[in-house]
Amino acid sequence: MARQYWLMKSEPYVYSIDDLQRDGTTYWDGVRNYAARNIMRDRMRIGDRVLYYHSNAKPPGVAGIAEVCRESYPDHTQFDPSSKYHDPKATDENPRWFMVDVRFVEKFEREVSLPEIRATPELAEMVLVNRSRLSVQPVTQAEYDRIVGMAAAASEEG
DNA sequence: GCCAACGTTGGC
DNA sequence: GCCAACGTTGGC
């Protein structure tokens, strides 16, 4: 299968691209939305590229690139009563929530902000700008390439 | 801090 | 199965 492209949101003061760079890899726990879960559980493949998006930031934007390095497996936090992600309806035999692992690839010299994305006609169809509250979402290769290009152009302008 | 979008829950 | 109430996300 050809490489696929995704966008994943993280609040930077919870877990930023810098945290991922430091750790190298991380597991994407805590997703509790079925549409986002289904993407991770059913569609993400090793080697897929991920735009790493900082949500709830000023401004929000794409901060860098990660890649999928482990395909879906149960999110352990659903079984942990002390976790805020605990799900009492989930069992070992019937886990409800799944996650993938991602690996750090690159931190952009400069973030591509949401206002910039909104101002770019070629990105008008992005899920990011058309559907709120979806923390894991598909991106087309053209959209991915455009954003990576914008990050490079921004950093050259310095 | 506000609030729109929208997903989830639960009564019926 | 409908839908009102409620909770969360996330931009501003």
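No hydrogens, no waters, no symmetry mates; every other heavy atom, side chains included, goes into these values. Below, read A as the first sequence line, B as the second, and so on, with proteins coming before strands; counting in each chain starts at 1.
- Under a 4.5 Å side-chain heavy-atom criterion applied to ILVMFWY residues, the cluster that includes A/F98 comprises that residue alone.
- In this structure, A/I46 shares a hydrophobic cluster with no other residue, the cluster being traced through Ile, Leu, Val, Met, Phe, Trp and Tyr side chains under 4.5 angstrom apart.
- In the hydrophobic clustering, where aliphatic and aromatic side chains (Ile, Leu, Val, Met, Phe, Trp, Tyr) are joined below 4.5 Å either directly or transitively, A/V127 groups with A/L134.
- Distance, A/E11 CD to C/dC12 P: 15 Å, rounded to whole Å.
- A search for side chain to side chain contact (heavy atoms under 4.5 Å, CB included) contacts involving A/A57 returns A/P12, A/H54, not counting sequence neighbours.
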Under 3.5 Å, which protein N or O atoms sit close to an N or O of nucleotides 8-11 of chain B? Give each pair with its distance.
none

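- Taking side-chain N and O atoms only, A/R37 has no distance below 4.0 Å to OP1 or OP2 of B/dG7.
- Pairing each heavy atom of A/D19 with each of A/V14, the nearest pair is OD2-O, 4.2 Å.
- Taking atom NZ of A/K9 as the reference point, atom P of B/dA5 lies 15 Å away to the nearest angstrom.
- Residues A/W97 make up the rest of the hydrophobic cluster containing A/Y34, defined by ILVMFWY side-chain heavy atoms closer than 4.5 Å, directly or through other members.
- Of the residues near DNA chain B, A/N56 and A/N130, the one whose nearest nucleotide (by heavy atom distance) lies more toward the 5' end is A/N56.
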